[in-house]
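Heads up: the structure comes next, in structure tokens.
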Amino acid sequence: MAEQLDKTYDPAKVEKKWYQYWEENELFSPPEDKEGKPFTIMMPPPNITGELHIGHAMDNTLQDIIIRWRRMQGYNTLWVPGTDHASIATEVKVVDKLRREENLSKDEVGREGFLDRAWQWKEEYGNRITEQIRNLGASCDWTRERFTMDEGCSEAVTEVFVKLYEEGLIYQGDYIVNWCPDCATTLSDIEVEHEEAEGKLYYINYPFKNEEGSITVATTRPETMLGDTGIAVNPDDERYQDLIGKKVILPLMNRELPIVEDDFVDSDFGTGMVKVTPAHDPNDFDMGERNDLEQVQVIGFDGKMTEAAGEYAGLTREECRQKVVADLEAADYLVKIEDHQHAVGHCYRCDEIVEPMISKQWFVDMEPLAEPAIKAVKEGDINFVPERFSRVYLNWMENIKDWCISRQLWWGHRIPVWYCQDCQHVNVARKRPDKCQECGSEDLKQDEDVLDTWFSSALWPFSTLGWPEETEDLNFYYPTDVLVTGRDIIFFWVARMIFMGLHFKGEKPFSDVYVHGLIRDAQGRKMSKSLGNGVDPLEVIDDYGADALRFMLITGNPPGNDMRFREERLEASRNFANKIWNAARFMLMHLEEEDQLDISNYQPEDLTMAEKWILNRFNEIVAKVNENMEKYLFGEVSKTLYDFVWSEFCDWYLELIKPRLYQEENNDDVRQAAELGQYVLANILKLLHPVMPFITEEIYQKLPGSQGSIMLQEWPEIKETFAFAETAESMELVQDIIRSIRNIRNEMKVDPGKKITALFEAEGKSNEVLKKAEVYLRELAGLEKLKIASSLADKPDKAATAVVQDVDIILPLEEMVDIAEEITRLEKEKEEIKSEIKRAEGKLANEGFVTQAPADLVEAEREKLEEFNQQLSRISARIQELKS
RNA sequence: GUGGGUAUAGCUCAGCUGGUCAGAGCGCCACGUUGACAUCGUGGAGGCCAGUGGUUCGAAUCCACUUACCCACACCA
């Protein structure tokens, strides 16, 4: 006998073992030689700050499904894992830790000391998350694991910076940027999150210079008025034509402000006059540039008012606002205050209110880079799945603004720029220059700043393959095939990879972008630390197993949609794993060590009805799975397999073969039943393996005749020799009959253990089918005696009847049957059939349907109608018999 | 403001290119344990697929509008 299984599946017992086995045998690594068709995925690198969260679990499950499937299909597959240094997020964590454990500030330990500690952090926490990814079963090639700040990736970053600078696509300049006073660094536009807030709109009078009267402007941020350097009106605003060129006096500061005209001003908002604060508002900055207005910085980088704010210097922004408002009111400048809803920018990391500030930073000129990136998606060279996300991408790309890439942080790629302390020349170089390229001075000082994390992430698809070196990996595996990621980082990451890939490789980084949704909690809320409603995937794995988690994450959810995390779905997945386990347990109870997985020595004519049926069904399942895999419809794949395993393989097939397995006369028959059964089981396991790698491996390797890891088996193919359409139809008839008998037994309250007698009246083909299926009917419908005839002479009155297709079923249940009730029951069925007939007749009476619908559909409808009519007459006849 | 998503059984959701698609899981009702599985089996009840109109021989499925909820983007002070 083959090895026997425990009664229930215990994932904890097998998962670690198999992962080690796979990794130690390097089954995740592609073959050494660059042969075959490559298939490549780059894992979106998780932050080293983090723990694995449920989103990562989803993301990596999807990638693993794709890569395991392609690997089994024979592709030369590479899945590169790695981690991201996450500049700002990690720095915040390390600063915290430094404060907590050593009571030191960043400045107190200095740049070097700080970086030492950051690297220690990376060692400790970077490894933790990769361990967690292993728990999920991810079959990525750990021998090629990368880190965004490792030597190669860093070289790529420097190369890209220098090249872009040389091409004039990176420039340095004083522009208005987003400044987070708390993180003390700039942020890119997309790192600022706008939140609607209830604010106030303050109307303030600014008196004219040299004449009576005043104008009124509205602002949501009165404290910025201290930095006002102009007033703007729309040139088309007839009300204010004669004001243009005049001057007003800025209250509290006594500064003269010119009134200028600018298209930006919306005449319908507020008073139609805008105070212009070029140093503290992006729009005002632009207006200031256009109208040559002064820039007065009244808010400092620490979030406090500067000396330029006069008596308000040193106050926080909020304190200053209160004092300004009070002072305006006291001096009678304040006209009114209205409630006003507006969007306030917050730092995506620390939630501090972001301050627009003028500052000298490095920027990437986006337009030239965006153009090909737009084209690639528009022309279908790169496809978003689902397609709708391409619009999100395009919308952003087409309105892109220059990208501020310098960050006032220490943890990250330091900007490869050295300023000459003598001639101020800006030296941009791949390595620290010995002397100034301009004046030869050796007194050079490197830019203090580091680059935006996403600058290095943008290079991930090719930096991980060795770029800028022309490595074999790069030549073979680039471009990658699909990028799998959450819809929340389309801008941060996907977009940037696309333009960087196109620019530096001259080729798209990937063909498909599979975008998945977010996982929400059971109430549909976003999971967040503050709500504490996050789900720890490791706990889930402990409780239910990685396979159940994986199955749950992809089932019943179409691409791109958010999904709710519900415990009961996890239970259903675990139960499914257990179902598979027990099906295997059953098979193994009947398998011998010598049994084979290869069934090619069985000829079609040797196969039983049940075997033909299941093989035929399996063909159909393979087709469906393949089709949905290609379309990234993994939810459909898992659903298909779930239904097939549970409702067909277990509920029917295993039950159908039991009589053969348990009989003792003919051992050849037993062996055939066992071998065919394990063949189907093994192939189901293969189809399931990408989704549930652990349990499928555990079972597969126990099957007699199996060789090596299921990971390396060939993906099942559709076999023409297993196409048995006719048997499939016959089997359906048998199933319908069995269901029908079970139904009657139940309604008649026949003891489930009790064997009953059944009479079947059927002609022609159905008659033959029934005769062949006798043993199935006997076992599955609980029959003892049965009689199959083309015509029955004396039908007992005391019997329950049913009509299935062209078969009359008569169950002589004697005393259990109340003839009156039986008539009622049949009348009810008759009504149902009648309504079906009405429907079919209606359809066929519709000329449009008959002439325009596909011929086979019309034919099918006709056949149905005929069948229903037959059933109707049979039932009517039976009712007559009972009545008379 | 622009763009997008979602509305299907009591609950959570599938339903891909319009015609056996009205489905699943959980829940509910009835019955059932000498073995593959109670993490189970058998049988059953439950929905005019948000509303209106249109296209079509035929619509949960396509189009328009309406209603409700959600999200992303956006420089309206």
Side-chain angles (χ1 to χ4, degrees), chain A residues 4-5 7-9 190 194 201-202 217-221 224 232 264-266 268-277 281-287 340 342-343 356 386 388-389 391-392 394-396 399 487-488 490-491 517-518 522 524 526 544 548 552 555-564 566-569 571-590 627-628 631 633 635-636 639 642-643 646-647 650-651 654-655 658 739 742-747 749-753 780 782 843 846-854 857-858 860-861 864:
Chain A
Q4 299 302 294
L5 303 181
K7 208 169 165 183
T8 50
Y9 175 56
I190 47 177
H194 294 272
L201 194 58
Y202 302 84
V217 296
T219 180
T220 53
R221 302 189 61 197
T224 63
F264 170 76
V265 181
D266 177 355
D268 296 330
F269 189 88
T271 58
M273 305 187 100
V274 189
K275 61 191 256 330
V276 185
T277 322
D281 183 282
N283 302 309
D284 291 10
F285 177 84
D286 291 341
M287 282 198 279
H340 180 68
H342 63 137
R388 71 182 123 100
F389 287 107
R391 244 169 297 171
V392 177
L394 287 172
N395 183 44
W396 188 74
N399 297 296
R487 59 153 218 260
D488 48 338
I490 291 176
F491 307 140
L518 273 39
K526 222 168 167 173
Y544 295 94
M552 173 270 186
T555 305
N557 185 243
N561 282 22
D562 287 358
M563 138 188 277
R564 292 192 200 198
R566 314 189 88 233
E567 201 85 4
E568 63 207 51
R569 304 210 313 110
E571 281 167 18
S573 302
R574 179 203 53 194
N575 295 352
F576 178 51
N578 195 55
K579 189 73 181 176
I580 298 163
W581 181 256
N582 272 287
R585 179 168 183 258
F586 172 74
M587 283 315 306
L588 283 167
M589 290 171 80
H590 295 93
E627 194 188 322
N628 287 318
K631 291 195 283 193
L633 294 174
E636 288 296 306
K639 189 78 193 342
Y642 181 99
D643 288 342
W646 205 306
S647 311
C650 291
D651 285 354
L654 293 185
E655 296 304 322
K658 275 181 182 173
R739 266 190 284 260
R742 284 170 171 174
N743 183 340
I744 292 173
R745 292 181 56 123
N746 223 289
E747 278 186 35
K749 307 256 186 284
V750 179
D751 186 327
L780 301 192
K843 230 172 167 180
N846 182 338
E847 199 172 327
F849 176 72
V850 179
T851 54
Q852 294 185 54
L857 263 174
V858 180
E861 204 58 44
K864 261 191 276 180

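Small disclaimer: the values here were computed from a predicted structure and weren't measured. To find a chain, count down the sequence lines: A is the first, B the second, and so on, and within it residues start at 1. Basis for what follows: all heavy atoms, side chains included, without hydrogens, waters or symmetry-related copies.
- Proximity of a side-chain donor or acceptor of A:Asp562 to a complementary backbone N or O of A:Gly517 within less than 3.5 Å is not detected.
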Listed pairs, N/O of protein and of nucleotides 73-77 of chain B, under 3.5 Å:
from	atom 1	to	atom 2	distance (Å)
B:rC75	O4'	A:Asn283	ND2	3.4
B:rC75	O2'	A:Asn283	ND2	2.8
B:rC75	N1	A:Asn283	OD1	3.1
B:rC75	O2	A:Asn283	OD1	3.4
B:rC76	O2	A:Asp266	OD2	2.7
B:rC76	N3	A:Asp266	OD2	2.6
B:rA77	OP2	A:His340	NE2	3.3
B:rA77	O2'	A:Ala218	O	3.1
B:rA77	N6	A:Asp266	O	2.5
B:rA77	N6	A:Phe269	O	3.1
B:rA77	N1	A:Asp266	N	3.1

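- Across all strands, A:Ala572 comes closer than 4.0 Å only to sugar-phosphate atoms, never to a base (heavy-atom distances).
- Between A:Asn628 and A:Lys631 the shortest side-chain heavy-atom distance falls below 4.5 Å.
- In terms of phosphate contacts, A:Asn582 brings no side-chain nitrogen or oxygen within less than 4.0 Å of OP1 or OP2 of B:rC40.
- As judged by a 4.0 angstrom heavy-atom cut-off over every strand, A:Lys639 is placed among residues touching the sugar-phosphate backbone only.
- Taking atom CG on A:Asn399 and atom C1' on B:rA72, their separation rounds to 14 Å, with Å as the unit.
- Remark: A:Lys579 is in phosphate contact with B:rG41, judged by side-chain N or O atoms under 4.0 Å from OP1 or OP2.
- Distance, A:Asn575 CG to B:rU39 P: 8 Å, rounded to whole Å.
- Distance noted for atom C1' between B:rC11 and B:rU17: 31 Å (whole Å).
- In this structure, B:rG46 shows a glycosidic angle within 90 degrees of zero, which is the syn conformation.
- A gap of 42 Å separates the P atoms of B:rG19 and B:rC37, to the nearest Å.
- Distances shown here put every side-chain N or O of A:Asn846 at or beyond 4.0 Å from the OP1 or OP2 atom of B:rG58.
- Contact annotation for A:Tyr642: backbone-only contact, meaning every heavy-atom pair under 4.0 Å involves sugar-phosphate atoms and none involves a base.
- A distance of about 14 Å separates the P atoms of B:rG15 and B:rG5, rounded to the whole Å.
- Counting non-hydrogen atoms under 4.0 angstrom, A:Glu636 reaches the backbone sugars and phosphates but no base.
- When heavy atoms are screened at a 4.0 angstrom cut-off, A:Arg391 is found touching the sugar-phosphate backbone but no base atom.
- In terms of modelled atom types and a separation under 3.5 Å, the side chain of A:Arg569 and the main chain of A:Met552 share a donor-acceptor contact.
- Scanning atom types as modelled, no donor and acceptor separated by under 3.5 angstrom connect the side chain of A:Gln4 and the base of B:rA36.
- Checking the phosphate oxygens (OP1, OP2) of B:rC13, a side-chain nitrogen or oxygen of A:Arg564 falls inside 4.0 Å.
- For A:Lys579 and A:Tyr642, the positive end is not near the middle of the six-membered ring at less than 6.0 Å and at most 45° from its axis.
- Rounded to a whole angstrom, the distance from the P atom of B:rC29 to that of B:rG10 is 16 Å.
- Paired regions of RNA chain B, where each region holds three or more successive Watson-Crick or G-U pairs whose two hydrogen-bonding distances fall under 3.5 Å, are B:1-7 with B:67-73, B:10-13 with B:23-26, B:28-32 with B:40-44, B:50-54 with B:62-66.
- Comparing A:Val850 and A:Arg566 by the nucleotide of RNA chain B that holds the closest heavy atom to each, the one mapping nearer the 5' end is A:Arg566.
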Between A:Lys864 and A:Glu861, does a salt bridge (Lys or Arg N to Asp or Glu O under 4.0 Å) hold up when you go through it step by step?
CA-CA 5 Å; A:Lys864 261 191 276 180; A:Glu861 204 58 44; 3.5 Å; yes
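- Side-chain nitrogen and oxygen atoms of A:Asn746 include none within less than 4.0 Å of the OP1 or OP2 phosphate oxygen of B:rG32.
- Taking the side chain of A:Leu633 as heavy atoms from C-beta on, and the options B:rU6, B:rC26, B:rC16, the nearest nucleotide is B:rC16.
- Taking only side-chain atoms of A:Asn743, from C-beta outward, the nucleotide of B:rG5, B:rA36, B:rG44 with the closest atom is B:rG44.
- Comparing B:rC49 with B:rA60, their P atoms are spaced 7 Å from each other, to the whole Å.
- With hydrogens and angles disregarded, a donor-acceptor distance shorter than 3.5 Å links the side chain of A:Arg745 to the backbone of A:Pro752.
- Remark: C1' of B:rG23 and CG of A:Asp643 are 9 Å apart, rounded to the nearest angstrom.
- With rounding to the nearest 0.5 angstrom, the OG1 atom of A:Thr220 is 8.5 Å from the CG atom of A:Asp281.
- Nearest to the side-chain atoms of A:Pro752 among the listed nucleotides B:rG32, B:rC37, B:rG19 stands B:rG32.
- At a threshold of 4.0 angstrom between heavy atoms, the contacts of A:Glu567 with the nucleic acid are absent.
- Among the atoms of the strands shown, none is found under 4.0 Å from any heavy atom of A:Arg745.
- Of the candidates B:rG41, B:rG43, B:rA36, the closest approach to any side-chain atom of A:Arg742 belongs to B:rG43.
- For the C1' atoms, the distance linking B:rU66 with B:rG27 amounts to 34 Å, nearest Å.
- Nucleotides B:rA74 and B:rG3 have their C1' atoms positioned 10 Å apart, rounded to a whole Å.
- For A:Lys7 against A:Arg585, the heavy-atom pair with the smallest separation is CA-NE, 3.7 Å.
- Nucleic acid contact class of A:Asn628 (heavy atoms, under 4.0 Å, all strands): base.
- Remark: the separation of the P atoms in B:rA14 and B:rU33 is 39 Å, to the nearest Å.
- Side-chain proximity of A:Pro558 to the nucleotides B:rC37, B:rG15, B:rU39 is greatest for B:rG15.
- Between A:Leu201 and A:His342 there is no side-chain heavy-atom pair separated by less than 4.5 Å.
- The residue among A:Ala583 and A:Asp751 whose nearest nucleotide of RNA chain B lies closer to the 5′ end is A:Asp751.
- Distances shown here put every side-chain N or O of A:Arg574 at or beyond 4.0 Å from the OP1 or OP2 atom of B:rU39.
- At a cut-off of 3.5 angstrom, the base of B:rA38 holds no donor-acceptor pair with the side chain of A:Lys7.
- Backbone-only engagement by A:Asp651 is indicated by non-hydrogen atom pairs under 4.0 Å involving sugar-phosphate atoms exclusively.
- Two residues are said to be in side-chain contact when any heavy atoms from C-beta on lie closer than 4.5 Å; A:Glu627 and A:Leu633 fail this criterion.
- For the pair A:Tyr202 and A:Arg221, the minimum side-chain heavy-atom distance is 4.5 Å or more.
- Using a 30° and 60° split on the angle between ring planes, A:Tyr9 and A:Trp581 fall in the tilted class, from 30° to 60°.
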